[in-house]
Amino acid sequence: MRDADRIDAVVVGSGPSGAVTARRLVDAGMSVVCLEQGGWPDYSTARAGFPDFELVARKHWDWDPNTRRAPGDYPIDDRGSDITALMFNGVGGSAVMYAAHWERFLPSDFRVRTLDGVADDWPVTYEDMAPYYDEVERQFAVSGLEGDPALPPSTPPPLPPVPLNKVGRRGAEALNRLGWHWWPGSNAIATRDYGRLHACAQSTACPFGCPVGAKASPDRTHWPDLIADGVRLITRARVRELVPTASGLVDGVVYVDEAGVERIQRAQVVILCANALGTPRILLNSGLANSSGLVGRRLMMHPFGNAIGIFDEDLESWRGPLGQHLYSLQFYETDTSRGFVRGAKWNLLPSGAPLSIMLPGLWGAEGHWGPDFHLALRSRLGRSAIWTVICEDLPDDDNRVVLDPDTVDDSGVPGVRIEYRTSDNARAMMAFHLARLEEVLREMGAKEIILNGHIRASGWHLMGTAVMGPDPATSVVDPVGRAHDVPNLFVFDGSTFPTSSGVNPSATIAANALRCADALVKARAEQVVPA
Amino acid sequence: MRALDPRLRAVLGGIADQLIPAAHGMPSATEVGVADTLLDDVVRARPDLVAPLADVLTAVADDDPVSAVARLRSGAVAGFDVVALVVAGGYLMSPRVKAALGYPGQEPKIVDPDDVVRTVHDGLLDPVVARGPIYRPTPGTEVR
């Protein structure tokens, strides 16, 4: 086994939490190595604007690692789960394939126990998080409009919002007639040239390789500058386990490099940013930081549905960002008369390119074939809009990720198995929200409405499997991400979330990582490290 | 070398025209080359589809196209998803089809950063703002 000199910090994972962390640490003068199990995104397979765009996207930009089978992926047995876990394993993390919807959690999201009597409060408040939201919005080129009455007043995002286009305007006008909330979309999508990013060209390709470099993902927004500033990013580096010391610390990680050579990267502190499947995978394979028994438990994935409307009028809905034109938080806060607690967010999106709207799936299990193919194609292409629903997922100890004794990745590290069942609360929530969205689509003038609840292939939002809290008996890490059991081991990714909210989590993953990294830097003089 | 032999291409063509026949002013699948040049384009983009497609077509090679489609769609023969992807994917790559639909493809159109600003000036957000805050503040704070 090859051994590297000890550096100040090793960060495992190069997604939003890892990139934000590396930026904070290197700015504080620390030496940082980041180990990323995948490679750089291959934008040569980003084919927006070419005839084969959708065919290529369905393979190379598939969200499911079990379908994509890229070199950085690892086996995930999801047969025991209602939802398929989705991710990108490579430089930039799953932000490379996210739709860039950038939402702050609401104040109530941090006080679920106090306000609604369920789950747990976070050890921080919205107000604690606010300055970190401000900073990561600058780092991720967020476009949006200040003043949303569904959130406290905040610093304006650095860029103006994406356009409403015909789809968004129709949705906004309908919501106004209903007297319901909406607000222009908040997205990590540049609407003007900004840093290394360029203005969005509206190719509806955000998750499938943004062709112009408008979407903010850390491979574009962070890593080129981090590398220039001295952070060493090692790709195709598969972390197998942590290196324990006799004094109860860790002295780095063991990883397998691209050539299959096993190496040790020693470090004063180890920071896991490998997502809510990857982080417990490493912890469980190391047998560390689990005196609470909660590593891998409380997996939350956001039950997700959509409501599709088809219209007579040409809305040019093949155009736009697949970021959100607008969103609504009208029914976000708890109203127990609805039969459930907590709530959901709605996003309004264009329907995009033609193949996805014609194949069997969300637009109909059978598909339209024969002469009807042409009728369906003409009625849908450019004339449809999609509302998506993100339901809050409350934590449950029985929803979990475990090591899979039957699979290994290409480096011999065990794969994972996920066990997850959608709660009755989330099922009632989804039914309520789809019914309300049906009302919205009728108000928008849809001639045909398709409702899809609980879409299986929708586990983009992975959270909760190394929960943070003040009590070592009921949490894995403390309120700043430090493992209760191992004082120089940290988790800064979405694994630490006590609850999931009902909005897209990337903004909070990034902001919370920055908050924790900031705390680590400020307490550095007192940090216990290996001898 | 072509990805599929002429016999399997003929099987694909028969199936493709059942799935996408000429109708409603649109050409059929084979008229635009779904079993010919467009198939070459599809497998160039997705070489991983060649083997499963050949397996499916071989399994129904002795069926007439109507029976083949029926057996595929019923699940009696596995692999309808592959055939549907190749046929619809190829058809929608056709310039002739795009022209007939009036679909320009993903032509770039840089966003207008002032679009929503104008919307605000037009008053579209006024009723939302007028209703005031709808969030629940952090207990114990005065954030409103």
Side-chain angles (χ1 to χ4, degrees), chain A residues 48-49 51-56 58-59 106-108 110-111 114-115 125-127 145 147 149-152 159-164 172 176 179 181-184 191-192 199-205 212 318-319 329 333 353-355 358-360 367 369-371 373-375 377-378 381-382, chain B residues 18-26 41-42 44-46 48-49 69 73 80-81 84-86 88-95 98 101-117 119-120 124-129 131-141 143-144:
Chain A
D52 59 6
F53 162 66
E54 287 189 276
L55 280 168
V56 174
R58 298 177 80 88
K59 173 65 178 174
L106 279 64
S108 69
F110 299 94
R111 286 293 176 271
T114 299
L115 288 169
T125 65
Y126 176 88
E127 288 70 27
L145 185 70
L151 282 160
L159 293 168
V162 300
L164 291 175
N176 277 353
H181 170 266
W182 69 277
W183 203 254
T191 47
R192 294 193 178 106
C200 173
Q202 305 195 79
S203 300
T204 60
V212 298
W318 39 264
R319 169 177 287 150
L329 297 167
E333 301 287 7
L355 181 58
M358 292 306 298
L359 290 175
W369 304 106
F373 180 89
H374 304 294
L375 296 177
L377 178 58
R378 281 191 186 279
L381 181 62
Chain B
Q18 289 297 311
L19 296 176
I20 309 180
H24 304 295
M26 296 293 287
D41 292 343
V42 168
R44 192 175 299 117
R46 290 290 305 274
D48 59 298
L49 294 175
V69 169
R73 294 192 66 181
F80 181 65
D81 56 337
L85 181 61
V86 169
Y91 188 77
L92 293 167
M93 289 170 70
S94 162
K98 284 184 180 172
L101 290 168
Y103 171 52
Q106 293 165 300
E107 59 174 13
K109 181 180 181 182
I110 302 296
V111 292
D112 175 0
D114 296 324
D115 175 89
V116 171
V117 175
T119 299
V120 172
L124 196 62
L125 270 171
D126 288 355
V128 181
V129 174
R131 288 192 292 271
I134 61 170
Y135 65 92
R136 288 185 291 173
T138 303
T141 66
V143 294
R144 292 193 182 190

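Just so we're clear, the structure is a prediction, and the values are computed from it rather than from any experiment. All values below were derived from every heavy atom in this structure, side-chain atoms included, with hydrogens, water molecules and symmetry-related copies excluded. Every chain is numbered from 1, with letters handed out A, B, ... down the list of sequences.
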*For Lys98(B), does the NZ atom have more than 12 heavy-atom neighbours from other residues, nucleotides or ligands under 6.0 Å away?*
yes

_Most chain A-contacting option - heavy-atom pairs closer than 4.5 Å, from Ala22(B), Gly105(B), Pro139(B)_ = Pro139(B)

*At a heavy-atom separation under 4.5 Å, does Leu145(A) approach chain B through its side chain, its backbone, both, or neither?*
side chain

*Heavy-atom contact with chain A under 4.5 Å, split by part of Asp48(B)*: side chain

*asked:* Can a donor-acceptor pair be found, under 3.5 Å and without considering hydrogens, that links the side chain of Asp52(A) to the backbone of Met93(B)?
replied: no

*Just do the side-chain contact (heavy atoms from CB on, under 4.5 Å) check on Trp183(A) and Val128(B) with the steps written out, would you?*
CA-CA 8 Å; Trp183(A) 203 254; Val128(B) 181; 4.1 Å; yes

*Among the listed options Pro51(A), Gly147(A), Ala48(A), Ala205(A), the residue most often paired with chain B at heavy-atom distances under 4.5 Å*: Pro51(A)

_Part of Glu54(A) within contact of chain B (heavy atom distance under 4.5 Å)_ = neither

*Is it the backbone or the side chain of Leu92(B) that comes under 4.5 Å from a heavy atom of chain A, or both, or neither?*
side chain

_Selection from Gly367(A), Gly179(A), Pro184(A), Ala201(A) maximising heavy-atom pairs under 4.5 Å formed with chain B_ = Ala201(A)

*Top residue by heavy-atom pair count (under 4.5 Å) with chain A, among Leu124(B), Asp112(B), Asp115(B)?*
Leu124(B)

*Do the non-hydrogen side-chain atoms of His24(B) and Arg378(A) ever get within less than 4.5 Å of each other?*
no

_Residue selection (most heavy-atom pairs with chain B, distance under 4.5 Å) from Val56(A), Val162(A), Leu151(A)_ = Leu151(A)

_Quick check: closest heavy atoms across Pro149(A) and Gly132(B), and the distance to 0.1 Å?_
CB-O, 3.4 Å

*Under 4.5 Å from any heavy atom of chain A - which part of Asp114(B)*: side chain

*asked:* So for Leu159(A), is it side chain, backbone, both, or neither that comes closer than 4.5 Å to the heavy atoms of chain B?
replied: neither

*asked:* Treating His374(A) as the side-chain partner and Pro21(B) as the backbone partner, does any N or O pair qualify as donor plus acceptor under 3.5 Å?
replied: yes

*How far does CD1 of Ile20(B) sit from CZ of Phe373(A), to the nearest 0.5 angstrom?*
3.5 Å

*asked:* Let's test your reading of the structure: which of Arg192(A), His181(A), Lys59(A) forms the most heavy-atom pairs below 4.5 Å with chain B?
replied: Lys59(A)

*Give, for atom OG of Ser108(A) and atom CZ of Arg136(B), the distance between the pair rounded to the nearest 0.5 Å.*
4.5 Å

*Contacting region of Val69(B) [heavy-atom separation from chain A under 4.5 Å]*: neither

*Atom pair CZ (Arg319(A)) and CD (Glu107(B)), whose distance is rounded to the nearest 0.5 Å*: 4.5 Å

*asked:* Distance check, rounded to the nearest 0.5 Å: Leu55(A) atom CG versus Arg44(B) atom CZ?
replied: 12.5 Å

*If you take all heavy atoms of Pro113(B) and Thr191(A), which pair is closest and at what distance?*
CB-O, 3.8 Å

*Mind checking the CG-OH spacing from Leu377(A) to Tyr91(B)? Nearest 0.5 Å is all I need.*
7.5 Å

*chain B heavy atoms under 4.5 Å from Thr125(A): which part of the residue, side chain, backbone, both or neither?*
side chain

*Go through the atoms of Leu359(A) and report whether side chain, backbone, both or neither lie under 4.5 Å from a heavy atom of chain B.*
side chain

*chain A heavy atoms under 4.5 Å from Pro104(B): which part of the residue, side chain, backbone, both or neither?*
side chain

*chain A: which of Val42(B), Asp41(B), Asp81(B), Ile110(B) shares the most heavy-atom pairs with it under 4.5 Å?*
Ile110(B)

_Distance, nearest 0.5 Å, that separates CE of Met358(A) from CG of Leu19(B)_ = 11.0 Å

*Trace of the side-chain contact (heavy atoms from CB on, under 4.5 Å) decision for Ile134(B) with Glu333(A)*: CA-CA 8 Å; Ile134(B) 61 170; Glu333(A) 301 287 7; over 6 Å; no

*Pick from Pro360(A), Cys200(A), Gly382(A) with the largest number of heavy-atom pairs that fall under 4.5 Å of chain B*: Cys200(A)

*Could you please spell out the steps behind the side-chain contact (heavy atoms from CB on, under 4.5 Å) verdict for Thr119(B) and Leu164(A)?*
CA-CA 9 Å; Thr119(B) 299; Leu164(A) 291 175; 3.7 Å; yes

